[in-house]
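Lettering of chains follows the sequences in order, A, B, ..., and the numbering in each one begins at 1. Just so you know, these numbers come straight off a predicted model, no measurement behind them.
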Number of protein chains: 2
Amino acid sequence: MATIRDIAKITGFSITTVSRVINGHPYVDEQKRAAILAVMEELDYKPNKIAQKLSSGKTYNIGVIVPFVNHAFFDGILNGIMEEAFAKKYKVTLLPTNFDRKLELEYLEEFAAKGFDGLIVITRANHIETFYPYMEKGPIVFCENSTGTAVPFVAIDLVGSVTASINYLKEQGVKRLGLTLGRSKRLSCNSVNTIAKAKELFPAFSEADIYWDCIKAQDGISAAAFFKERGIDGVITNGDEIAAMILNQYSHGTAPIVIGQENLLISQMLHFSSVEFHLNQCGKEAFRLFQERKQEQIILPYELIIRE
Amino acid sequence: MATIRDIAKITGFSITTVSRVINGHPYVDEQKRAAILAVMEELDYKPNKIAQKLSSGKTYNIGVIVPFVNHAFFDGILNGIMEEAFAKKYKVTLLPTNFDRKLELEYLEEFAAKGFDGLIVITRANHIETFYPYMEKGPIVFCENSTGTAVPFVAIDLVGSVTASINYLKEQGVKRLGLTLGRSKRLSCNSVNTIAKAKELFPAFSEADIYWDCIKAQDGISAAAFFKERGIDGVITNGDEIAAMILNQYSHGTAPIVIGQENLLISQMLHFSSVEFHLNQCGKEAFRLFQERKQEQIILPYELIIRE
DNA sequence: TTGTATGCGTTATCAC
DNA sequence: GTGATAACGCATACAA
């Protein structure tokens with residue numbers, strides 16, 4: 001591997017001059033520039049990226065903490081982040097936690113060790129306080145509603161959408177409301193907020209009618225069994241694929257009214273209601289907050305898409 | 001930011017000794033090790049990742065070249081790569097090309113400049129020959145059938161699945177066969193192979209019955225119009241979402257028999273046939289080939305899943 | 001316009 | 001066990 005030193009030695013110029021050529025700086029004689037470029041070409045020389053990063057202190061790399069990929073919600077946001085990062089010449093490194101707190105901590109350590117210029121946390125495994133000390137090391141942006149803290153975030157309006165969904169179900173005469181939720185409420189403030197809203201707006205709602213740990217489409221199968229047994233006639237799910245799976249289990253008998261999330265193609269095809277969260281925009285804004293080092297807290301508008 | 005030098009200075013030991021402590025090397029007095037660790041803790045010292053990479057020459061980072069994310073096929077393979085990379089302590093950096101040849105070349109340059117330890121190319125934009133010179137810089141693995149070359153790859157058996165699909169459609173009495181394909185055949189050998197098989201096994205097939213540039217679900221709308229107009233009664237699509245969209249357009253009138261790909265939830269829900277390619281495994285094997293620097297060429301088995 | 005010298009933060013070699 | 005010192009490859013004040 002040829003280095004900048006080799007090029008300098010061979011061309012007879014100094015490392016500095018070669019460096020100037022590499023970076024397209026002015027104040028280099030055109031003749032010499034051409035000669036240096038020729039040698040670089042001949043030796044198939046490429047400036048070492050790592051060395052450049054070490055020297056500049058910038059990696060042009062952003063880490064994205066996410067439970068896992070291949071999941072509509074996370075992928076939607078990730079997609080937005082990537083589009084924006086790409087436009088700004090940043091690279092995106094995936095940091096999947098699978099909700100493992102220790103693993104997430106390792107990523108934070110790596111960030112503190114200058115592994116990334118910034119971090120976007122789509123969904124965290126640890127408590128938000130855990131992140132505070134690391135936020136002094138560099139910009140960290142969250143994609144979760146963290147009202148009450150001072151962290152920059154851009155989040156979807158889950159409370160708003162749940163409110164609208166419940167009101168709609170009430171209008172439709174739903175008697176017993178069911179919910180599917182992801183991780184236990186101890187960990188997810190989204191779950192906490194959703195439950196609070198349900199209790200507030202739907203007095204008959206009982207926490208016993210929540211189907212927990214509902215993450216992937218397949219979880220919809222047992223969720224449906226759960227709801228059938230309890231005579232649920234209206235369900236707010238945490239994902240279109242889950243919603244689809246639930247509906248599919250009701251092939252005979254009347255299905256409850258089910259509301260999905262993410263407004264995926266499947267909700268359109270199976271014709272059930274869903275919520276458009278603008279996940280792509282969420283990701284884009286998150287990256288913008290990182291890059292401009294803004295401290296904003298943004299909640300995106302949602303649209304409840306009724307299909308009946 | 002505290003550096004190893006600071007720790008050395010404060011503790012009064014040499015940089016070497018501190019480095020030994022960092023890396024858990026032997027031959028360090030336990031007393032001193034403890035003292036050094038204490039100071040590191042106190043100063044919140046973390047060894048700089050970039051410096052470590054420069055010094056070691058390894059990044060523990062692998063780049064994945066892919067047209068874009070949020071697409072079932074690519075995400076499926078990506079997921080497999082990530083699982084395996086994760087298990088082997090590697091990080092994954094996404095390199096989206098949007099089929100831009102020049103952009104892909106930039107990624108290759110970055111790879112040559114030691115930006116990544118290896119590259120996995122899910123789908124390439126450039127000709128395979130373009131990659132040859134870069135393969136001398138480090139391991140590159142492809143996820144596309146590249147029989148006839150010497151490059152390591154792990155691919156899905158598209159020819160096999162198309163063969164099986166066509167035979168099935170023939171059995172079902174299909175008279176006029178339609179195809180949806182992605183990029184023009186000039187660029188994609190998958191397209192070339194698919195067409196060849198169609199002509200071979202389905203004599204009545206005409207290239208005029210191919211709907212091109214069919215990438216995203218929405219493309220299924222005009223694909224359906226295209227097929228309706230031409231009286232197509234059997235379609236092999238290049239994706240379940242596209243297949244679903246096509247079927248959806250036939251709400252009144254008899255729909256053609258449609259075969260999807262990827263065996264997504266939606267094919268199960270809408271009950272149309274599809275092909276299981278084991279994309280996850282494809283990604284995993286690709287990473288394995290990278291890590292073990294194997295030159296293997298693997299074609300994965302498929303399963304045609306008939307739903308009628 | 002060009003070059004010298006130094007820094008970036010680690011790891012590795014080798015002598016003590 | 002320990003510590004100078006030289007890589008690693010590049011960027012950049014500052015001097016010339």
**Fill in**
From NZ of A:K32 across to C1' of C:dT2 the rounded distance in Å is 7 Å
**Prompt:** Going by heavy atoms closer than 4.0 Å, what residues in residues 33-58 of chain A are next to DNA chain C?
**Reply:** A:L54, A:S55
**Item:** B:R124/B:E104 salt bridge by N-O under 4.0 Å criterion
**Value:** no
**Prompt:** At under 4.0 Å between heavy atoms, what does B:T3 touch on the DNA or RNA strands: base, sugar-phosphate, or nothing?
**Reply:** sugar-phosphate
**Prompt:** Would one find more than 12 heavy atoms of other residues, nucleotides or ligands at under 6.0 Å from atom CD of B:E41?
**Reply:** no
**Complete:** Assert: residue with more 5' nearest nucleotide on DNA chain D, out of A:M1 and B:R20, is B:R20
**Asked** In this structure, are over 12 heavy atoms from other groups packed under 6.0 Å from B:K9 atom NZ?
**Response** no
**Item:** Output field: ring centroids B:F131/B:Y134 closer than 6.0 Å
**Value:** no
**Asked** If you round to the nearest 0.5 Å, how far is CG of B:D75 from CG of B:N280?
**Response** 11.5 Å
**Request:** Could you tell me the separation between the CD1 atom of B:I4 and the C1' atom of C:dG7, rounded to a whole number of Å?
**Result:** 16 Å
**Asked** Does a donor on one side chain sit under 3.5 Å from an acceptor on the other, for A:T17 and A:S14?
**Response** yes
**Message:** Heavy atoms only, 4.0 Å cut-off, all strands: where does B:V28 land among base, sugar-phosphate and nothing?
**Reply:** sugar-phosphate
**Prompt:** When you measure from the side chain of B:T16, which nucleotide among C:dT2, C:dT11, C:dA12 comes out closest?
**Reply:** C:dA12
**Request:** For the pair B:R33 and B:E30, find out whether any cationic side-chain nitrogen is under 4.0 Å from an anionic carboxylate oxygen.
**Result:** yes
**Message:** So that I can tick it off, tell me whether A:E84 and A:R288 are bridged by a salt bridge, with the cut-off set at under 4.0 angstrom between side-chain N and carboxylate O.
**Reply:** no
**Item:** Distance in angstrom units between B:I7 CD1 and C:dG9 C1', rounded
**Value:** 12 Å
**Message:** Can you give me the first and the last nucleotide of DNA chain D (5' to 3') that has an atom within less than 4.0 angstrom of a non-hydrogen atom in chain A?
**Reply:** D:dG9 to D:dA13
**Message:** Please list all pairs meeting salt bridge (charged side-chain N to carboxylate O under 4.0 Å, His left out) that have one or both residues in residues 48-60 of chain A, counting only residues at least two apart or in different chains.
**Reply:** none
**Prompt:** A:H25 NE2 to C:dT2 C1': how many Å, rounded?
**Reply:** 15 Å
